[in-house]
Amino acid sequence: RHAMKLSSVSSGLQKLLHNHLAYQNMTYDLDLSGNYFNSSIHNWLYSFSHLQFLNLGLNNFQGTISNSIWNLTSAVNLDLSNNNLEGGIPTSLGSLCNLRSVDFLHVSSAQNISRVLDILSGCALPSNLFEGVVSEDSFANLTKSRELDATRNQLTLNVSPDWVPPFQLEKFWCLDISDSKIPDTIPNWFWNLSYQCIHLNFSHNQIRGTIGSTLIDLSSNRIEGPLPRVPSNRQWQNLVAVNLGNNRLTGDIPNSIGTLRFLQSLHLENNSISGQIPLSLENCTNLEFLHLAENHLAGNIPTWIGESLSKTKVIILRSNNFNGSIPEEICRLASLQILDLAHNKLSENIPRCINNFSAMTTMIKYGTILNIVRSMDLSSNNLSGEIPEEVTSLIILQSLNLSHNHFHRIIPENIGAMGSLESLDFSVNQLVGEIPSSTSRLTFLNYLNLSYKNLKGKIPSSTQLQSFDASSFLGNALWGAPLEENCTVVNETSAKEGGEGQGNKELNGVYVSMELGFVVSFLLTFGFLVIKRR
């Protein structure tokens, strides 16, 4: 570490400093204070990224402070006081996240104090590791406060139940107390708040009891009881996201859900909700995400989903008791990117119109993370017939699971056209014939399961197919690498035991944890992004 005290300036000072400071992997202090420099501050003085202390005070520097000051990325102390500088503090100063002390005394500025504080807080407010107790006294002088953000700290709020804050909020925009280890019930007065609320997040706590008269984000708690009616005399109809997933809710989805006309994301997964999907949901024409997995919902999949919810991108209804056929109307969902109907009691054929899922057939520009994800899971149902050739039109689909059904006949010959597939599972069906040679074109596959069917012949040659374990092809009459023997034949009894036994459960578990574990986690996050976008 080097320190310099310069009392005069030679013509070679710039070159000297540049050579001495700029090319050494060390940190420095530079003190040029108390001189008679009579010029502007040259940009080269801002170019030393390893400089921690810069003192240009008590000089006659003139002009403005350059936005190039952001180059001083290691700066901890910065002193430009007692000069003839003007123009105020540049906004780029807010990007110097290591700053601990600044002195701009006698810098001429027309900026008001709130603007200066905004600039200086560019790297401050939330996500620190502050500890301690925040009491009523902490807020005593904040009579004009409009916003407080103390997220991701370790603070304890300790105020009396009858405390009246000294500030008055005009609108209650956001309350986020997620992941706070709260083991209590929600007080009754909370449900009578008259504020207009955009985002309430109580998720990932240990909150108990029943829900009051509103719908908010209370996912991953211990809330029990039936879902309440959405009140018609308050502001909750403006909600764009509702997340009550991972609780202990029971009963039917109330018809009043249809009053949430602006709703874009509905998460009710992993509860004990029963009944059918209410007809009133067709009024939520802005809905993009529908996640009702792991409940006790029953009945047919409504045809109006394809007619009224045309903006829907994600439908997850897995692990319920839906029966009947997959309605052809669902093919109208041109924006659909994720369809998960696994582990239900659906029967009959896959609609041939699935090639109308434009979001699975046409590459679009990536505007959000969601645009990268394409998945279809119809596994563990009673679907039958042949796998329609139209499925091969879904050329940007990344994951396809049709396992544990009753499909027969051959694998579509043009399966190789689905060049974006990363996961493919046709296991435990009644398919016959050979593995199509076009399968060798699936170069992105990292998971393949064609086990326990009636396939025969040689496994097509490709670097990708031969890289899979032999278990991907068990229960068939196939030969060739990666199988060790010339021919592998498993009789019907063995195949049935393999298909229904522990081995198959393990295979299915691998798939579920790999694909849907990611998708579900992603969706829970994306629900909040919907709110932020609004």
Side-chain angles (χ1 to χ4, degrees), residues 197-203 211 213-221 223 225-232 235-299 301-302 304-320 322 330 333 335-341 344 370 373 516 519-534:
C197 178
I198 299 299
H199 182 193
L200 292 174
N201 187 357
F202 291 0
S203 63
I211 300 177
S213 58
T214 186
L215 295 177
I216 58 176
D217 183 353
L218 287 165
S219 60
S220 300
N221 281 288
I223 299 173
L227 285 165
R229 291 185 68 257
V230 180
S232 58
Q235 299 293 330
W236 296 103
Q237 282 75 26
N238 293 324
L239 282 174
V240 295
V242 172
N243 191 344
L244 297 172
N246 300 294
N247 279 290
R248 302 173 183 176
L249 298 170
T250 59
D252 298 348
I253 300 175
N255 286 323
S256 55
I257 192 76
T259 64
L260 302 178
R261 301 297 179 90
F262 298 103
L263 191 64
Q264 297 178 21
S265 178
L266 178 60
H267 290 258
L268 300 177
E269 73 278 4
N270 195 19
N271 282 285
S272 296
I273 300 170
S274 56
Q276 300 183 3
I277 299 177
L279 176 62
S280 64
L281 193 63
E282 69 175 343
N283 296 324
C284 301
T285 55
N286 290 302
L287 196 65
E288 297 182 13
F289 306 91
L290 180 61
H291 195 350
L292 306 178
E294 298 180 66
N295 281 288
H296 304 303
L297 295 168
I301 296 177
W304 52 258
I305 285 183
E307 298 169 348
S308 301
L309 306 185
S310 59
K311 297 181 181 179
T312 305
K313 297 179 180 179
V314 175
I315 295 179
I316 302 182
L317 304 179
R318 69 180 291 114
S319 301
N320 279 285
F322 291 108
I330 203 171
L333 300 177
S335 300
L336 194 65
Q337 298 174 215
I338 298 176
L339 177 62
D340 187 350
L341 306 178
N344 280 286
L370 178 64
V373 183
L516 293 173
V519 172
V520 172
S521 298
F522 162 77
L523 289 174
L524 291 175
T525 302
F526 198 86
F528 301 130
L529 298 184
V530 171
I531 297 174
K532 292 297 289 183
R533 180 176 65 184
R534 179 172 174 87

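Note that the numbering runs from 1 along the sequence shown for the chain.
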> Please step through side chain to side chain contact (heavy atoms under 4.5 Å, CB included) for the pair I301 and L341, ending with a clear verdict.
CA-CA 10 Å; I301 296 177; L341 306 178; 3.9 Å; yes
> Would you check, one step at a time, whether the test side chain to side chain contact (heavy atoms under 4.5 Å, CB included) holds for I315 with D340?
CA-CA 6 Å; I315 295 179; D340 187 350; over 6 Å; no
> Quick check against the 3.5 Å criterion: does N283 have a side-chain atom that pairs as donor or acceptor with the backbone of L281?
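It does not hold such a pair.
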> Determine the minimum heavy-atom distance between S280 and P254, stating which atoms define it.
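Distance-wise, the nearest heavy atoms are OG-O, 4.4 Å.
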> Look up atom CG in D252 and atom OG1 in T250, then write down how far apart they are to the nearest 0.5 Å.
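OG1 of T250 is found 9.5 Å from CG of D252.
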> Nearest 0.5 Å, what's the CZ-NE2 distance between F289 and H267?
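Those atoms lie 7.0 Å apart.
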> Would you call I253 and I273 a side-chain contact if the rule is heavy atoms closer than 4.5 Å?
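I253 vs I273: side chains touch.
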> Treating N255 as the side-chain partner and I257 as the backbone partner, does any N or O pair qualify as donor plus acceptor under 3.5 Å?
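No, because the side chain of N255 does not come within donor-acceptor range (under 3.5 Å) of the backbone of I257.
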> Do side-chain atoms of N344 reach the backbone of L317 as a donor and acceptor pair under 3.5 angstrom?
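Judged by distance alone, yes, a pair lies under 3.5 Å.
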> Using only atom types and a distance under 3.5 Å, with no angle test, would you say the side chain of N295 pairs donor to acceptor with the backbone of N320?
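No; zero donor-acceptor contacts below 3.5 Å.
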> For W304 and I277, what are the C-alpha separation, side-chain angles and deciding distance, and is it a side chain to side chain contact (heavy atoms under 4.5 Å, CB included)?
CA-CA 11 Å; W304 52 258; I277 299 177; 3.8 Å; yes
> Determine the minimum heavy-atom distance between R229 and S256, stating which atoms define it.
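Of all heavy-atom pairs spanning R229 and S256, the closest is CA-OG, 3.2 Å.
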> Tabulate below the donor-acceptor pairs under 3.5 Å that side-chain atoms of residues 305-312 make, not counting sequence neighbours, or state none.
{"from": "S308", "atom 1": "OG", "to": "E282", "atom 2": "OE1", "distance (Å)": "3.3"}
{"from": "K311", "atom 1": "NZ", "to": "N286", "atom 2": "OD1", "distance (Å)": "2.9"}
{"from": "T312", "atom 1": "OG1", "to": "L287", "atom 2": "O", "distance (Å)": "3.2"}
{"from": "T312", "atom 1": "OG1", "to": "L309", "atom 2": "O", "distance (Å)": "2.8"}

> Going from CG on L297 to CG on L292, what distance comes out if it is rounded to the nearest 0.5 angstrom?
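Reported value, rounded in 0.5 Å steps: 6.0 Å.
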> Say whether N270 and N246, considering side chains only, have a donor N or O and an acceptor N or O under 3.5 Å apart.
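Result is yes, a qualifying pair exists.
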> Which value, rounded to the nearest 0.5 Å, describes the distance between S319 atom OG and E269 atom CD?
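Here the rounded value is 11.5 Å.
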> Got L290 and V314 here, is their nearest side-chain heavy-atom distance under 4.5 Å?
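L290 does not reach V314 side chain to side chain.
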> Provide the closest heavy-atom pair for A298 versus Q276 in the form atom of the first, atom of the second, distance.
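Between these two residues, the closest heavy atoms are O-CG, 3.5 Å.
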> Checking S265 side chain against A241 main chain: does a donor-acceptor pair fall under 3.5 Å?
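No; zero donor-acceptor contacts below 3.5 Å.
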> What heavy-atom pair brings G258 and C284 nearest, and what distance separates the two atoms?
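Closest pair (atom of G258, atom of C284, distance): CA-SG, 4.0 Å.
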> Supply the atom-to-atom distance N271 CG to L249 CG, rounded to the nearest 0.5 angstrom.
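Answer for the CG-CG pair, N271 versus L249, is 4.0 Å.
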> To the closest 0.5 Å, what do you measure between CG (N243) and CG (L266)?
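Here the interatomic distance stands at 9.0 Å.
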> Assess whether side chain to side chain contact (heavy atoms under 4.5 Å, CB included) is satisfied between S272 and R248, documenting all intermediate values.
CA-CA 6 Å; S272 296; R248 302 173 183 176; over 6 Å; no
